[in-house]
Amino acid sequence: QVQLDESGGGFVQPGGSPRLSCAASGSISSINVMGWFRHAPGKERELFARITSGGRTNYADSVKCRFTISGDTTKNTVYLQVNSLKPEDTAVYYCHYQGGRLWAEYWGQGTQVTVSS
């Protein structure tokens, strides 16, 4: 199995730019897709950024040009640089992994990001 541990969330002022991290451990496949979901109160869960093991990235329009996903294979870690946060970005942010022979998926426990003055 794969364990995903997110960090970097917390209370942030509007316009803040934290960096979230997702450290993966366990049976990590060399071929995989990792992404970030967020779940805001009263809204559906949203996939807003993903990166393949080949380095291809995709973003939802809601975060494009503000958020950047990247990976460091030597550290088995995926990063999310979050710029110019707005109150509507407030949500629990979850790291997601899918890969291996069975294309199994795993979720991190989530990290709360609260954007407020």
With Asn76, which residues qualify under side chain to side chain contact (heavy atoms under 4.5 Å, CB included), at least two apart? Ile28
What do the steps show when you test Glu88 against Thr90 for side chain to side chain donor-acceptor pair (under 3.5 Å), and what is the final call? CA-CA 5 Å; Glu88 49 263 47; Thr90 296; over 6 Å; no
Same apolar cluster (I L V M F W Y, side chains within < 4.5 Å links), Leu4/Tyr94: no
Might you point out which heavy atoms bring Ser84 and Ser17 nearest each other, and give the distance in Å? N-OG, 3.4 Å
Does any part of the side chain of Pro14, heavy atoms only, come nearer than 4.5 Å to the side chain of Lys86, both counted from C-beta? no
So, using side chain to side chain contact (heavy atoms under 4.5 Å, CB included) as the criterion, who are the partners of Ala104 when residues are at least two apart? Tyr106
List in chain and number order the residues that pass ring pair (Phe, Tyr, Trp, His ring centres under 6.0 Å) with Tyr93, two or more places apart in sequence or in another chain; answer none if no residue qualifies. Phe48
Got Tyr97 and Val78 here, is their nearest side-chain heavy-atom distance under 4.5 Å? no
List, by chain and then residue number, the residues other than Tyr79 in its hydrophobic cluster (Ile/Leu/Val/Met/Phe/Trp/Tyr, side-chain heavy atoms under 4.5 Å); write none if there are no others. none
Pairs satisfying disulfide bond (SG atoms under 2.5 Å apart), at least one member in residues 48-91, at least two apart: none
Determine, step by step, whether Phe67 and Leu80 satisfy the side chain to side chain contact (heavy atoms under 4.5 Å, CB included) criterion, reporting the C-alpha distance in whole Å, the side-chain angles of both residues, the deciding distance to 0.1 Å, and the verdict. CA-CA 7 Å; Phe67 292 8; Leu80 182 73; 4.2 Å; yes
Pairwise side-chain contact, Leu47 with Arg38, heavy-atom cut-off 4.5 Å (strictly under): no
Non-hydrogen side-chain atoms of Thr111 and Val92 separated by less than 4.5 Å: no
Solution key, residues 29-37 side-chain donor-acceptor pairs under 3.5 Å, sequence neighbours excluded:
from	atom 1	to	atom 2	distance (Å)
Ser29	OG	Ile31	N	3.1
Ser29	OG	Ile31	O	3.1
Asn32	ND2	Ser29	O	2.7

Could you give all pairs that pass the side-chain hydrogen bond (donor to acceptor under 3.5 Å, both in side chains) test and reach residues 61-72, with sequence neighbours left out? Glu46-Ser62, Arg66-Asp89, Asp72-Thr74
Is there a side-chain contact between Ser25 and Gln3, using heavy atoms and a 4.5 Å cut-off? yes
Residues that Thr57 engages under side chain to side chain donor-acceptor pair (under 3.5 Å), provided they are two or more places apart: none
When you measure from the side chain of Gln98 to the backbone of Trp103, do you find a donor-acceptor pair of N or O atoms at a distance under 3.5 Å? yes
Salt bridge (Lys or Arg N to Asp or Glu O under 4.0 Å) pairs touching residues 93-117, sequence neighbours excluded, are none
Quick one: disulfide bond (SG atoms under 2.5 Å apart) pairs with a partner in residues 22-55, sequence neighbours left out? Cys22-Cys95
Please lay out, stage by stage, how Val113 and Leu20 fare under the test side chain to side chain contact (heavy atoms under 4.5 Å, CB included). CA-CA 10 Å; Val113 175; Leu20 308 185; 4.3 Å; yes
